[in-house]
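Below is one structure, written out as structure tokens; comments come after it.
The first residue of the sequence shown is numbered 1, and numbering continues consecutively from there. Scope of the values below: all heavy atoms of this structure, side chains included, with no hydrogens, waters or symmetry mates.
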Amino acid sequence: MTDNAPKNPLTLLGLGDMGTALARTWLAAGHALTVWNRTTAKAETLAAEGAVAAASPAEAVAASRLVVLCLLDDASIDSALEGVDLTGKDLVNLTTGTPAEGRARAAWAEERGARFVDGGIMATPTMIGVPEAGGYVFYSGSRGLFDTHREVLEVPAGARFVGEDPGHAALHDVALLSAMWGMFAGISQAYALIEGEDIAPKDLSPLLSEWLGAMGFFVGNAAERLTSRDFTTGVVSNLAMQVAGSGTMLRTAEEQGVSAELVSPYVELMRRRLTSDPAAHGGEDTVGAITLLKR
Ligand code: NDP
């Protein structure tokens, strides 16, 4: 192959904000790219940049062994691929879904004679094709598929394979996003508390960043305690103290005229753990409260 020859061909279905960003990185890296999008104007834009715009999902799928999906949600996969022959295809699904959707989609692909890998994108479109932005994609499912196409999959962002259970990419994705939302909730509460006071958000900002960084130790602390099931050794901030302290947090919110709706569920969880058996749990690390979440 000469340097100018197109590299491994692939097909991409879905040219929304994310799909378009992915497509541009494969074109820039010299891959032969076939695209399809429900609204054809978006495919025409990519065709002007060097992609081949297919007239239908069936035509797009037929063009390459590797077929990447980046559609809105799981239901849109059914509407795009209804009746399309997937025999012998390697299907990579970058559409966000739940673990159960990932597993069901893997079985669906297998029934149709395709190998399948599910993906969870940990990046925004602006981070795609920008390695220093640190974005990556979780993959799980067929190891053979992943190994075959690893180089192509690493073009838009880093690729992290997290096992052969096709539900695990989505599970990793949602676990990280859940932690992010909890953090966003706490940050929102912090800014709401100072609103109307003579404290500028931009002055609180570096303090918040620094504090969240220092409190990041909780991630490793929780992992260790959940593995050992030891919630009591070496505790420096015990549950009884935290529950008492949470009263100050809730009263401060009230004094400031701020709703506590974002933080009170976590306070309630800690309180539930404590009151279920104060003697047993009062001296524990707050990590013990996690055990109450599993239904
Ligand atoms: P957009 O809303 O920009 O694009 C959605 C895409 O899905 C479009 O191509 C749209 O086609 C297509 N689509 C929607 N419904 C159907 C349907 N019934 N049949 C066929 N095609 C359909 O979303 P994004 O591109 O931003 O997101 C795509 C996926 O990537 C999502 O699952 C999202 O969760 C995930 N993701 C996005 C991130 C982001 O920051 N944007 C971050 C991480 C993951 P049409 O153009 O015709 O409307």
Side-chain angles (χ1 to χ4, degrees), residues 120-127 130-136 138 157-158 160 171-276 278 281-294:
I121 305 175
M122 305 310 297
T124 61
T126 51
M127 294 163 76
V130 184
E132 60 275 19
Y136 62 87
F138 285 123
R160 299 187 187 189
L171 192 53
H172 279 75
D173 183 347
V174 173
L176 266 57
L177 291 179
S178 299
M180 179 189 81
W181 281 329
M183 186 181 76
F184 286 179
I187 294 168
S188 303
Q189 182 74 3
Y191 280 121
L193 285 173
I194 63 155
E195 206 162 85
E197 296 281 344
D198 192 17
I199 304 170
K202 71 173 175 38
D203 292 335
L204 191 70
S205 159
L207 301 173
L208 266 179
S209 295
E210 198 185 340
W211 181 244
L212 290 175
M215 291 300 104
F217 82 91
F218 185 75
V219 176
N221 175 45
E224 273 175 34
R225 292 191 186 280
L226 289 170
T227 305
S228 65
R229 308 310 277 185
D230 176 356
F231 303 123
T232 51
T233 307
V235 172
V236 289
S237 307
N238 70 66
L239 187 66
M241 179 281 291
Q242 296 281 32
V243 170
S246 67
T248 307
M249 212 168 70
L250 299 177
R251 284 198 311 280
T252 302
E254 205 171 335
E255 283 176 17
Q256 295 301 103
V258 169
S259 162
E261 66 196 301
L262 293 179
V263 291
S264 52
Y266 186 60
V267 170
E268 190 44 44
L269 187 77
M270 289 194 294
R271 188 173 291 148
R272 192 147 61 88
R273 175 75 170 174
L274 178 66
T275 54
S276 69
H281 302 308
E284 276 184 2
D285 192 284
T286 52
V287 171
I290 297 173
T291 59
L292 295 184
L293 288 173
K294 191 84 183 175

Practice item. Scan for side chain to side chain donor-acceptor pair (under 3.5 Å) pairs involving residues 215-224, sequence neighbours excluded, and state none if there are none. Key: Asn221-Arg225, Asn221-Asp285
Check your understanding: Any side-chain heavy-atom pair from Met249 and Gln189 closer than 4.5 angstrom?
Key -> no
Check your understanding: Is the shortest heavy-atom distance from the side chain of Leu239 to the side chain of Phe231 under 4.5 Å?
Key -> no
Report the distance from atom [atom1] of [X] to atom [atom2] of [Y], rounding to the nearest 0.5 Å.
X: Thr286; Y: Met270; atom1: OG1; atom2: CE; answer: 6.5 Å
X: Ser188; Y: Glu261; atom1: OG; atom2: CD; answer: 10.5 Å
X: Leu207; Y: Trp211; atom1: CG; atom2: CH2; answer: 11.0 Å
X: Phe184; Y: Leu177; atom1: CZ; atom2: CG; answer: 9.0 Å

Testing the basics here: between [X] and [Y], what is the closest heavy-atom pair and its distance to 0.1 Å?
X: Ile290; Y: Ala222; value: CD1-CB, 4.4 Å
X: Leu250; Y: Val267; value: CD1-CG1, 4.1 Å
X: Ser237; Y: Gln242; value: CB-NE2, 3.6 Å
X: His281; Y: Ser276; value: CD2-OG, 3.4 Å
X: Leu204; Y: Ala190; value: CD2-O, 4.0 Å
X: Leu208; Y: Ile187; value: CD1-CG2, 4.2 Å

Check your understanding: Are Arg160 and Met122 close enough, and set up right, to give a side-chain contact (heavy atoms from CB on, under 4.5 Å), and what steps lead you there?
Key -> CA-CA 10 Å; Arg160 299 187 187 189; Met122 305 310 297; over 6 Å; no
Practice item. Decide yes or no on side-chain hydrogen bond (donor to acceptor under 3.5 Å, both in side chains) for Arg229 and Thr291, but give the supporting numbers first. Key: CA-CA 10 Å; Arg229 308 310 277 185; Thr291 59; 5.6 Å; no
Check your understanding: Do other residues, nucleotides or ligands put more than 12 heavy atoms under 6.0 Å from Glu268 CD?
Key -> yes
Check your understanding: Taking only residues two or more places apart in sequence or in another chain, which ones pass salt bridge (Lys or Arg N to Asp or Glu O under 4.0 Å) with Asp173?
Key -> none
Could you tell me which residues satisfy side-chain hydrogen bond (donor to acceptor under 3.5 Å, both in side chains) with [X], sequence neighbours excluded, listed by chain and number?
X: Thr126; value: Thr124
X: Ser205; value: none
X: Thr252; value: none

Practice item. Evaluate the side-chain contact (heavy atoms from CB on, under 4.5 Å) criterion for residues Glu284 and Val235: first the C-alpha distance (whole Å), next the side-chain angles of each, then the deciding distance (0.1 Å), finally the verdict. Key: CA-CA 7 Å; Glu284 276 184 2; Val235 172; 5.7 Å; no
Practice item. Answer yes or no: is there an ion pair linking Arg251 with Glu254, defined by an N-O contact shorter than 4.0 Å? Key: no
Exercise for review: Could you tell me whether a side-chain N or O of Gln256 sits under 3.5 Å from a main-chain N or O of Leu193, the two making a donor and an acceptor?
Suggested key: yes
Review point. Got a donor-acceptor contact below 3.5 angstrom from the Ser246 side chain to the Val243 backbone?
Key: yes
Study note, to complete from the structure: Sequence neighbours excluded, the answer for ring-ring contact (aromatic ring centres under 6.0 Å, His included) partners of Tyr136 is Phe138
